Amino acid sequence: MASAPAASGAGSGAQLFVIDPIERLNPAKDSSVALMQAAERAGLPVWVATTTALLARKTGRDHTAWVWARPVRTQPWHELGDAQLLPLAAFAHVWMRKDPPVDEAYLYATHLLELAERQGVRVLNRPSALRSWNEKLSSLRWSHLMAPTLVASRVDSLAAFTAEHREVVLKPLGGRAGQGVVFAAAGTPGLGALLELVTAQQTLPVMVQAFLPGVSAGDKRILLVDGEPLGAVNRVPSGGAGGEFRSNLAVGGQPEATELSAVERCICAELAPALRAEGLFFVGIDVIDGRLSEINVTSPTGIREVERLGGVPLADLTLKKLAWTP
């Protein structure tokens with residue numbers, strides 16, 4: 001590998017995207033790719049790295065954050081340059097866009113990025129918020145906007161909630177893209193065994209929510225940039241023989257163009273001050289039948305669908321919005 005170049009080696013206004021290996025990304029669907037290409041259109045150098053390429057090393061009396069990064073051209077998809085060891089301070093912005101799980105490796109990466117942040121680097125989204133905003137639990141800050149919800153490990157508590165609301169949805173707190181989300185009803189055979197399974201024998205809390213029949217009309221993904229809703233896409237469950245109720249695109253949900261209702265705009269306005277205060281620049285919230293469901297902060301998706309169905313140049317607007325914020 002090459003020796004460390006000067007900080008200017010990344011180029012003026014350079015953007016670093018910390019992502020999963022770039023070979024895994026689908027340029028036709030991936031929001032990170034959309035943002036990279038928007039940066040290229042804005043004339044900004046684009047670099048990529050994985051979380052394992054981050055490091056801290058002593059420079060003078062202090063430790064500074066560095067990265068083995070590669071320059072990339074994304075059109076046509078994709079051309080990578082040689083890896084270079086650069087200080088994170090060489091980049092105008094660092095985008096943390098690694099997909100969950102939020103495991104030990106992910107958490108350690110946020111600590112290294114936080115070191116860079118303390119040295120003046122702007123990280124999107126803020127590392128401390130990525131640690132503290134669990135994408136299921138963070139919604140509880142606005143529980144009055146949600147469907148009836150319980151988070152618990154005890155089977156008896158979960159069973160009582162199910163009996164009260166008759167039909168419920170069980171969500172693992174660390175899940176993503178609809179993985180592990182299960183529908184259950186008070187009369188479901190073997191409900192106790194199911195609850196033992198999803199709680200790992202009452203050792204892990206899960207979220208259980210009253211089922212909203214309105215999900216059949218869609219689960220709306222709203223993308224907020226610096227607290228402002230810039231676009232949305234409605235995701236409709238595929239249904240079919242299996243009665244699939246999940247609307248996530250990864251499990252077969254169908255995207256369709258949509259507009260925000262007055263209720264949804266009010267939800268966005270209520271969340272915006274906290275998102276801005278905690279450095280959550282790019283966020284995707286999920287709303288079902290006017291109820292807040294989740295707040296996605298790690299690597300929210302939906303840009304491609306908003307651009308294709310709604311004609312909104314959302315990635316370009318995001319880059320422009322970034323330039324307008326301090």
Side-chain angles (χ1 to χ4, degrees), residues 26 28-35 38 99-100 135-136 138-139 142 145-149 167-169 171 175-183 207 209-272 275 280 282-318 321:
N26 181 345
K29 295 183 177 181
D30 195 275
S31 291
S32 294
V33 177
L35 291 167
D99 280 343
E135 297 186 333
K136 306 293 190 300
S138 58
S139 301
W142 294 274
L145 301 176
M146 302 173 67
T149 300
E167 295 183 328
V168 300
V169 175
K171 298 180 177 181
R176 59 176 293 268
Q179 294 173 358
V181 176
V182 178
F183 172 86
M207 176 177 282
Q209 294 182 307
F211 177 70
L212 296 174
V215 72
S216 62
D219 175 351
K220 195 169 293 188
R221 165 60 56 88
I222 305 171
L223 293 171
L224 295 94
V225 180
D226 196 35
E228 180 183 353
L230 293 189
V233 60
N234 195 40
R235 303 168 299 177
V236 181
S238 60
E244 180 60 75
F245 70 95
R246 296 174 298 174
S247 57
N248 308 75
L249 301 181
V251 294
Q254 297 301 308
E256 63 180 25
T258 190
E259 299 289 339
L260 295 188
S261 68
V263 169
E264 290 159 351
R265 290 192 178 278
C266 287
I267 292 173
C268 293
E270 190 163 344
L271 269 57
L275 299 179
L280 291 167
F282 190 86
V283 171
I285 68 170
D286 296 338
V287 177
I288 301 172
D289 199 17
R291 302 290 187 94
L292 178 65
S293 176
E294 295 183 15
I295 303 174
N296 299 273
V297 302
T298 50
S299 56
T301 61
I303 290 180
R304 291 300 199 200
E305 289 76 19
V306 170
E307 292 182 334
R308 176 169 57 86
L309 297 170
V312 178
L314 200 146
D316 296 291
L317 292 174
T318 298
K321 188 77 172 176

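Below, all heavy atoms of this structure are taken into account, side chains as well, without hydrogens, waters or symmetry copies. These numbers come from a predicted model, not from an experiment.
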Quick check: does any side chain N or O of Glu307 sit under 3.5 Å from a backbone N or O of Leu314, one acting as donor and the other as acceptor?
-> yes
Which heavy atom in Ala28 sits nearest to a heavy atom in Arg304, and how many Å separate them?
-> O-CG, 3.5 Å
Straight-line distance of Lys29 NZ to Glu305 CD, nearest 0.5 Å | 8.0 Å
Heavy-atom side-chain proximity of Arg308 to Val233 below 4.5 angstrom = no
Report the C-alpha distance between Glu135 and Val297 in whole Å, list the side-chain angles of each, state the deciding distance to 0.1 Å, and finish with yes or no for side chain to side chain contact (heavy atoms under 4.5 Å, CB included).
-> CA-CA 7 Å; Glu135 297 186 333; Val297 302; 4.0 Å; yes
Determine the minimum heavy-atom distance between Met207 and Lys136, stating which atoms define it.
-> CE-O, 3.4 Å
Taking all heavy atoms of Ile303 and all of Ala34, pick out the closest pair and write down the distance.
-> CG2-CB, 3.6 Å
Step-by-step side chain to side chain contact (heavy atoms under 4.5 Å, CB included) determination, Phe282 to Val225 = CA-CA 5 Å; Phe282 190 86; Val225 180; 3.8 Å; yes
Audit row: Ile285, Ile222, side chain to side chain contact (heavy atoms under 4.5 Å, CB included) steps and yes/no | CA-CA 5 Å; Ile285 68 170; Ile222 305 171; 3.8 Å; yes
Work out which heavy atom in Asn234 is nearest to a heavy atom in Ala217; give both atom names and the distance.
-> ND2-O, 2.9 Å
State the CD-CD1 distance between Gln209 and Ile288, to the nearest 0.5 angstrom.
-> 7.5 Å
Close side-chain approach of Cys266 and Ser261, heavy atoms under 4.5 Å = no
Residue pair Arg265 / Pro229: nearest heavy atoms and the distance that separates them | NH1-CG, 4.4 Å
Inter-residue atom distance Leu224.CG - Ile267.CD1, 0.5 Å rounding = 10.5 Å
From Ile295 CD1 over to Leu280 CG, what is the distance, rounded to the nearest 0.5 angstrom?
-> 9.0 Å
Step by step, work out the side chain to side chain donor-acceptor pair (under 3.5 Å) result for Ser139 and Glu294.
-> CA-CA 6 Å; Ser139 301; Glu294 295 183 15; over 6 Å; no
Is there a donor-acceptor pair closer than 3.5 Å between any side-chain N or O of Thr301 and the backbone N or O of Ser31?
-> no
Indicate yes or no: at least one non-hydrogen side-chain atom of Thr318 is less than 4.5 angstrom from one of Leu35.
-> yes
Residue pair Leu145, Leu271: steps toward the side chain to side chain contact (heavy atoms under 4.5 Å, CB included) verdict | CA-CA 10 Å; Leu145 301 176; Leu271 269 57; 4.0 Å; yes
Of all the heavy-atom pairs spanning Pro148 and Arg291, show the shortest one and how long it is.
-> CD-NH1, 3.8 Å
CZ/Arg235 to OG1/Thr258 distance, rounded to the nearest 0.5 angstrom?
-> 11.5 Å
Drop me the distance from Leu223's CG to Asn296's CG, to the nearest 0.5 angstrom.
-> 9.5 Å
